[in-house]
A.B. asks: 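Dumping the structure here so I can ask a few things about it.
Note that this is a predicted model, so its numbers are computed, not measured. Just so it is clear, the values below take in all heavy atoms, side chains as well, and ignore hydrogens, waters and symmetry mates.
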Amino acid sequence: MATLLLLLASCTTEIDQQFGASRAVASGEKTVFVASTEGTSSPETKVYADENLKVLWNAGDRISIFNMTTGQAVYAFTGEDGDTAGGFEVVSEAEGTDIDYVYAMYPYQDATAISADGMLTTVLPAEQYYKKKSFGIGANTMVAVADDNFLAFKNVGGYLSLQLYGDNVAVSRVTIRGNNGEKIAGKASITMPLGGTPAVVMDQTATDAITIVCDPPVTIGTSSSEYTDFWFVIPPTTFTGGFTITVTDKMGGVFEKSTTNSFTVSRNKLDWMKPLKVVPEYDNLFVDLDLPSGTLWATMNLGASSPEDYGDYFAWGETETKTNYSWDTYKFGTPYSFTKYTGSDYAMLQAEDDVAHACFGSDTRLPSAADWKELIDNCYLFFTDDYNMYFPNDPISTEGVVVMNKALTKKIFLPASGLQNSYGPQSAGVKGYYWSSTLNTMDPQLANSLFFEKGLTTIIDQIEQVLLSVNFSGRCFGYAVRPVKGGPTVINGHAGVDMGNGVKWATMDLGAQRPTQRGDFYAWGETATKSLFSWSNYSLASIPDSETNPDENGWRYLNKYTYEDESVFIDWDNPSSSWAPAWYNLQLEIYDQEFGFSYEFIGDGYQAFFECDYADDAARQNWGGTWRVPDEADWSWLKMNCDWQWTDNYNGTRQSGMLVTSRVEGFTDHSIFLPAGGCRDKQQLNDSGTAGYYWSSFLAVDRRSDFAWMIKFNADGMTHGSDQRYKGFCIRPVSD
């Protein structure tokens with residue numbers, strides 16, 4: 001038997017085969033061929049291109065040979081890794097109908113066949129695999145036809161190199177697709193005349209896309225001069241309407257770029273695209289669970305490749321994974337010697353220390369404690385041992401918590417990913433630990449986290465028992481991270497929603513623990529709640545001991561926030577019964593027949609909290625930051641630019657109140673819920689469940705100084721009015 005020889009070489013833009021002078025070499029009773037191969041269907045095929053565009057072999061590479069018969073024989077490369085030529089020994093022979101020539105194809109595939117007239121059928125791979133500065137292993141189909149014992153392989157396809165760069169982008173997949181549906185992968189027929197070049201006809205069952213798979217993900221260059229190459233091997237094709245490139249990063253973010261001009265991929269030619277910056281978008285990774293705040297939740301953990309994958313583990317405030325999660329390795333020091341998040345500097349993770357923001361940018365972040373509470377309060381949650389029961393398209397069975405919206409139309413899965421500490425992974429498959437962005441400022445070695453465990457007593461009705469709570473945990477431990485985006489902006493530890501004019505409305509009342517809960521009651525201008533709401537204990541009034549009926553007359557003795565409203569009573573016939581509030585100086589002893597009694601305004605003239613640097617603003621004093629009680633302009637804007645819809649059963653929680661939804665373009669998915677919490681007058685709770693009462697920060701200047709602006713709503717709608725300052729109303733904070 002004789003040996004067939006192949007030697008491949010190439011220039012910079014055209015990959016041509018150059019043949020040396022070597023000829024067949026006898027090898028006992030075995031037929032030995034020399035050839036180059038490439039393909040994806042067999043792990044033994046490893047052909048690739050070097051930096052000089054020479055096609056190189058690896059030991060053990062396999063090819064198909066039809067040795068003048070339609071039977072497919074298998075041969076393996078006997079040379080060394082990196083050879084451009086070498087011998088191929090028979091692995092298995094095959095018999096068939098006689099044909100005129102010797103045909104060979106790289107890579108070997110079981111599906112490859114040949115007809116009696118020399119037409120080869122094979123499968124051009126729809127998935128190719130990344131290799132640095134080369135086409136992927138097994139991607140480059142080659143064919144040889146000979147009438148003697150010398151094979152000259154020819155490349156079947158052409159080559160397109162994408163040059164990609166981006167900021168901290170790790171690519172997992174790159175896909176090319178013709179804009180007019182051109183067939184470029186799958187079943188194909190290949191003909192090649194003796195001494196000619198291959199011609200390809202794609203079958204009608206072929207597909208219109210080729211994907212380069214990166215396993216592991218490839219971190220691309222960061223500038224147009226430091227890009228990363230991705231080589232596609234494509235059958236000769238004209239993309240008549242251009243083509244579209246889709247890049248998917250390891251987090252599932254997607255970037256697309258399309259051309260519109262006709263573009264031709266020619267056999268054996270290498271074309272480049274100009275360096276292209278990849279900026280992934282992550283909308284496809286997030287789901288809207290119909291939460292009051294509009295927050296979107298990621299469908300998988302940070303670092304995961306699928307919803308049931310555990311993903312990566314992070315210490316609180318760290319943006320890199322590691323092997324030892326303990327105080328010894330913690331970025332911000334040890335308990336009682338923290339360098340940041342000390343309990344007095346920040347109550348929430350800053351953006352530079354938020355790993356979700358570091359990976360995704362934009363408005364993506366770790367959920368706050370309030371986000372986790374909102375999820376628990378507004379969704380159904382239950383533990384399952386079998387992920388497939390609820391996500392049937394995925395073959396993996398994983399334990400964890402299924403989270404469904406109240407309409408049962410959308411869901412996410414929180415795998416029981418356990419945690420990592422100095423001893424390594426712990427409790428995977430049984431417990432789940434997920435960080436929030438909220439610090440425990442009373443004990444800064446702790447931060448809020450979500451914890452659940454199968455079999456514990458639950459606070460929520462579920463199919464299987466599971467504890468769901470937002471607890472405090474040691475910052476040094478490695479927990480899973482489930483990103484969120486959109487929805488409220490977290491300000492000083494509290495979430496707010498932009499309804500369309502830049503003002504952030506808190507997602508819950510002052511003093512509430514969740515959006516559906518009524519908050520605490522406050523008198524106007526007081527910063528602490530109480531049980532009795534009366535003029536007798538109103539902190540901004542100085543009622544003399546001689547006052548016998550303060551609940552009726554206490555308003556006369558206001559000592560702060562008064563304006564010149566002329567609340568003076570003059571009895572001309574009985575001057576001793578004349579009076580004026582404490583903020584007026586009524587001089588009864590000065591009487592003039594023409595001008596009457598003398599009085600003057602001696603109050604402070606303040607009409608709103610901001611005039612006193614928010615010292616009496618309950619929102620600012622309790623939440624800090626830029627939070628404040630809404631002013632008249634805030635409530636008026638909300639009334640004019642939002643829809644107010646009364647509900648007796650908000651989101652299935654049996655809580656009545658007003659759902660306020662923005663009508664501003666671009667913000668129509670933003671809403672807040674105002675519970676119908678009623679109000680307090682003296683010790684009496686009024687209208688709970690049937691009406692809501694909320695203060696503004698302004699006095700009602702069209703009335704007396706003891707009245708302040710407020711809003712009231714019930715099933716009939718919302719009204720904008722005023723009421724006496726001593727009463728207990730709710731407060732919904734806002735922030736600029």
Side-chain angles (χ1 to χ4, degrees), residues 494 505-513 515-541 551 554-555 558 560-561 606-610 614-623 627-636 638-639 644 646 655-658 660 672-734:
H494 302 278
W505 285 81
T507 58
M508 64 185 73
D509 289 352
L510 186 63
Q513 298 300 310
T516 55
Q517 181 186 39
R518 178 193 67 209
D520 294 330
F521 294 111
Y522 295 84
W524 191 92
E526 293 188 344
T527 59
T529 188
K530 55 190 180 182
S531 57
L532 172 65
F533 290 84
S534 165
W535 285 123
S536 64
N537 69 344
Y538 184 58
S539 65
L540 301 183
D551 286 340
W555 68 271
L558 291 171
K560 196 171 186 180
Y561 299 102
Y606 297 144
Q607 297 182 5
F609 296 147
F610 66 82
Y614 299 102
D616 305 301
D617 187 308
R620 178 64 57 87
Q621 296 305 312
N622 285 278
W623 281 10
W627 291 108
R628 57 179 176 80
V629 175
D631 59 28
E632 278 305 280
D634 296 321
W635 283 119
S636 295
L638 205 69
K639 179 181 180 181
W644 293 64
W646 175 265
Q655 175 64 55
S656 58
M658 277 287 184
V660 184
I672 58 172
F673 177 69
L674 301 174
C679 68
R680 283 196 178 276
D681 188 349
K682 313 298 189 296
Q683 292 182 315
Q684 183 69 36
L685 175 62
N686 300 320
D687 297 335
S688 178
T690 61
Y693 299 78
Y694 286 83
W695 283 126
S696 94
S697 62
F698 265 84
L699 294 178
V701 293
D702 64 340
R703 303 199 62 178
R704 298 189 315 228
S705 293
D706 57 316
F707 281 78
W709 290 116
M710 46 80 73
I711 66 142
K712 175 185 176 181
F713 58 80
N714 54 29
D716 295 327
M718 178 265 209
T719 58
H720 201 172
S722 61
D723 212 326
Q724 289 192 291
R725 291 158 54 173
Y726 77 85
K727 292 182 180 180
F729 291 174
C730 292
I731 291 175
R732 179 55 64 93
V734 297

A.B. asks: Taking the six-membered ring for Trp, is the centroid-to-centroid distance between Tyr726 and Trp535 below 6.0 Å?
C.D. replies: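 Yes; Trp535 has its ring centre under 6.0 Å from that of Tyr726.
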A.B. asks: Taking Arg518 for its side chain and Ala676 for its backbone only, find out whether a donor-acceptor pair lies under 3.5 Å.
C.D. replies: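 No: the side chain of Arg518 does not pair with the backbone of Ala676.
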A.B. asks: Please indicate whether Tyr606 has more than 12 foreign heavy atoms, meaning atoms of other residues, nucleotides or ligands, lying under 6.0 Å from its OH.
C.D. replies: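 It does not: Tyr606 OH has 12 such atoms or fewer within range.
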A.B. asks: For residues Trp524 and Tyr561, establish whether the separation of their ring centroids is below 6.0 Å.
C.D. replies: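 Ring-ring flag for Trp524/Tyr561: true, centres closer than 6.0 Å.
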A.B. asks: Considering all heavy atoms of both residues, which atom of Ser656 and which atom of Trp646 are nearest to each other, and what is their separation?
C.D. replies: CB-CZ2, 3.8 Å
A.B. asks: Met658 and Asn714: which non-hydrogen atoms are nearest, and at how many Å?
C.D. replies: CE-O, 3.4 Å
A.B. asks: Looking at Trp709 and Ala700, what are the two nearest heavy atoms and their distance?
C.D. replies: NE1-CA, 3.5 Å
A.B. asks: Would you check if the side chain of Trp644 reaches a backbone N or O of Gly717 as a donor-acceptor pair within less than 3.5 Å?
C.D. replies: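 No; zero donor-acceptor contacts below 3.5 Å.
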A.B. asks: Checking salt bridge (charged side-chain N to carboxylate O under 4.0 Å, His left out) for the pair Asp509/Arg732: CA distance, chi angles, key distance, verdict?
C.D. replies: CA-CA 5 Å; Asp509 289 352; Arg732 179 55 64 93; 2.8 Å; yes
A.B. asks: Has Lys530 got a side-chain atom pairing as donor or acceptor with Ala523's backbone, closer than 3.5 angstrom?
C.D. replies: no
A.B. asks: Donor-acceptor pair, Asn622 side chain versus Leu510 backbone, under 3.5 Å?
C.D. replies: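 Side chain of Asn622 to backbone of Leu510: no pair is present.
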A.B. asks: How close do Ala619 and Val629 get, counting heavy atoms only, and between which atoms?
C.D. replies: CB-N, 3.7 Å
